[in-house]
Protein chains: 2
Amino acid sequence: MYICPMYSSELIKGTLKTIVLNLLKENGKMYGYEITQKVKELTDGKIQITEGALYPTLHSLEQNGELETEKEYIGKRVRKYYKLTKPGRVTATARINEFADFMNTMKFLLDLEPKMG
Amino acid sequence: MYICPMYSSELIKGTLKTIVLNLLKENGKMYGYEITQKVKELTDGKIQITEGALYPTLHSLEQNGELETEKEYIGKRVRKYYKLTKPGRVTATARINEFADFMNTMKFLLDLEPKMG
DNA sequence: TACTAATACATAATTTTCTTAGGTATTTAT
DNA sequence: ATAAATACCTAAGAAAATTATGTATTAGTA
């Protein structure tokens, strides 16, 4: 089995929202920096979410009513926790299901499994 | 199991080159229109490659030395067949392996399989 | 104690990639 | 005849990421 040190950025495109929504669904609430670290840790560094990509995404999900925030102060440093709203939970589930289906299709298309598996 | 009529364009981003390289690896040579039809057919319409995305990609792969072309005339209509060059075959294999690895990582990350599966 | 790394947020310019919308022309089916 | 399918192509714009910054606090270390 081939092991990558880190995926080409092209490959990761389009999966960021799915990853973020899924993590929030599993963990209740998380803050931005925590998300970057968690993804890095869970993927052994193969996926590293940059802050330049993450924060605009979080803001747009919030503006879209799928996330809500809550500030917490650790000393003088602020942490902005994000969690799913009710519609956000629906979106999260839909996206995860869509991605699972997509992976099956890609597996078949790329002939990575016995056909019809 | 959830079934999508067609995936959100966001999800497909970044997979086009992998799909094209894989099809050419499996089928020897194909022309542009044939690729769009084959993908549509193999994925039951869930992935539909637009020509506006495909042709520029084919041209850039060719310019990059990974594909070479051969014209064929069907009556007066031209067909431009693409096939992998030697370096193109290496790239194709690498991309497919990378994608397979990526899917495993995403499965784990999205908790779609028992962990460590 | 000074310095560096890590934590934690954020935005802006640029690049990449795709969508949308157009264009040309031939062949097949109605 | 006309529409749909086949077959190529490009260009303007949108979307999403990268790269490069910026600010500020806290923890670790030399």
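Proteins come first, then strands; the chains are lettered A, B, ... in the order of their sequence lines, and each starts at number 1.
Comparing K13(A) and G75(A) by the nucleotide of DNA chain D that holds the closest heavy atom to each, the one mapping nearer the 5' end is K13(A). In this structure, A53(A) and K76(A) both approach DNA chain D, and ranking their closest nucleotides by distance from the 5' end singles out A53(A). Both Y55(A) and I74(B) lie near DNA chain C, and the one whose nearest nucleotide falls closer to the 5' end is Y55(A).
Within 4.0 Å of L16(B), counting heavy atoms only, lie sugar-phosphate atoms of the nucleic acid but no base atom. Note on G52(B): a base of the nucleic acid sits closer than 4.0 angstrom, heavy atoms only. Within 4.0 Å (heavy atoms only), E51(A) reaches at least one base atom of the nucleic acid.
Contact between the side-chain N/O atoms of H59(B) and the OP1/OP2 oxygens of dC8(D) is not found at any separation under 4.0 Å. Considering only side-chain N and O atoms, Y31(B) lies under 4.0 angstrom from the phosphate OP1 or OP2 of dA7(D).
Side-chain proximity of S9(A) to dT10(D), dT19(C), dT18(D): nearest is dT18(D). Listed nucleotides dC9(D), dC9(C), dC18(C) differ in distance to K80(A); the shortest reach to its side chain belongs to dC9(C). Distances from the side chain of T50(A) to the nucleotides dT18(D), dC9(C), dT19(C) place dT18(D) closest.
Between E10(A) and R95(B), at least one side-chain nitrogen of the basic residue sits less than 4.0 Å from a carboxylate oxygen of the acidic one, meeting the salt-bridge criterion.
One can place CD1 of I35(A) at 13 Å from C1' of dC9(C), the figure rounded to the nearest angstrom. Rounded to an integer number of Å, the gap from Q48(A) CD to dA17(D) P is 16 Å. The separation between M30(A) atom CE and dC9(C) atom P is 11 Å, rounded to whole Å. If you take CG of L54(A) and C1' of dT18(D), they are 14 Å apart, rounded to a whole angstrom. K71(B) has its NZ atom 15 Å from the P atom of dA25(C), to the nearest Å. Summarising the geometry, the separation between CD on E10(A) and P on dT15(C) is reported as 17 Å, rounded to the nearest angstrom. The nearest whole Å value for the distance from the CD atom in E72(A) to the C1' atom in dC9(C) is 15 Å. One atom, CG of N64(B), and another, P of dT16(C), lie 13 Å apart when rounded to the nearest Å.
Taking a 4.5 Å side-chain heavy-atom cut-off between Ile, Leu, Val, Met, Phe, Trp and Tyr, the cluster of Y73(B) extends to V78(B).
Side-chain contact annotation: Y7(A) with T43(A), donor-acceptor N/O pair under 3.5 Å absent.
You'll find a donor-acceptor pair under 3.5 Å spanning the side chain of R77(A) and the base of dT7(C), going by distance alone.
Applying the ring pair (Phe, Tyr, Trp, His ring centres under 6.0 Å) test to residues at least two apart or on different chains, the pairs with a partner in residues 15-37 of chain A are Y31(A)-Y81(A).
Judged purely by atom type and a 3.5 angstrom limit, N97(A) uses its side chain to pair as donor or acceptor with the backbone of T93(A).
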